[in-house]
Every structure is written in structure tokens, then in C-alpha cells.
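Counting convention: from 1, in listed order, for ligands and their atoms alike. Both backbone and side-chain heavy atoms feed into the values below; hydrogens, waters and symmetry mates do not.
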Amino acid sequence: MIGRLNHVAIAVRDLAKASQVYRETLGAQVSETVQQHEHGVTTVFVTLPNTKIELLEPLGADSPIAKFLERNPDGGVHHICYEVEDIIAARDVLKAKGARVLGDGNPKIGAHGKPVLFLHPKDFFGTLVEIEQV
Ligand code: CO
């Protein structure tokens, strides 16, 4: 069911510093900063030849990644995103197979303007999984 790896997301404390490291140390192509108020994050995307890296910094007091950074003060891999063709069909198959879908179970519009859902990390070996319809 899942297709390509769309991105790997890394939570960081200092997005400007992380952007600089990816741009200058790693020599990667780094996007402009985008504030996503409905997701509680500020993001940049690093474009690689075969996938993307999403750098996430907390935005606002209720940011879902604030707690993650409390547990991981140096930052760390926060989630991975797989592409699916039909997010509603994928959700229904996953639920039928016992996977827990986070939130109210309805897709939200993600960072690329496409519908996304998140799956419970305990069902996927400790990794928060995002699925995105492409
Ligand atoms: Co993501």
C-alpha cells in the first residue's frame, strides 16, 4: 500500500542553525521558512535527489514537538512520511488491521498542501508515521 518515502522529519531547537548546517555544512538545497500555525511548527524542507528532509521547530506554546524536544534536547528524528495514492482508502485499511490513527481520524492539509494523517508510533515500532496522499 505505501509508496515512496516522501520525507524524514527532524525536530530541532534552532531552525536557523539547522538550516545553516544543512545548507553550508552538508551542501543541501534548503527552502524558505514556513510557519504552519495549525500544526504548531515552523518548517523548512531540504530537497535531496531522492527524498526530502523536513526540519521542524516548535511554534507556539502548544506545539506537538515541544514535548519531544524536552525528551530529546539535542533534537532527533520525529517522524517519517510515506506516500499513499488514496488517503481515505489507506486509513480504512490501516484501521481495519488494528493501526491507530491519531487525532479525529480525518486528514489535515499538511506542509505540501496535500492531505495527511499520523499513525500511532506504538503500532509502528516506536516511529511516528505520517501518510500523505500524492
Ligand atoms: Co511530515
Which atom, among the N/O/S set of [X], is closest to the Co ion (ligand 1)?
X    : value
E54  : OE1
E130 : OE1
H7   : NE2

message = Any N/O/S atom, side chain or main chain, of H79 closer to the Co ion (ligand 1) than 2.8 Å?
response =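 Of the N, O and S atoms in H79, at least one lies under 2.8 Å from the Co ion (ligand 1), which means yes.
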key: Heavy-atom side-chain contact between L56 and T42 under 4.5 Å   =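 Side-chain contact under 4.5 Å: no.
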key: Side-chain donor/acceptor of R13 to backbone N/O of G75, under 3.5 Å   =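 The answer is no, because no donor-acceptor pair under 3.5 Å joins these two groups.
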ask   = Do side-chain atoms of T43 reach the backbone of L55 as a donor and acceptor pair under 3.5 angstrom?
value =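 Side chain of T43 to backbone of L55: no pair is present.
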ask   = Without hydrogens or angle criteria, can the side chains of H7 and E130 be said to hold a donor-acceptor pair below 3.5 Å?
value =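 H7 vs E130: donor-acceptor pair found between side chains.
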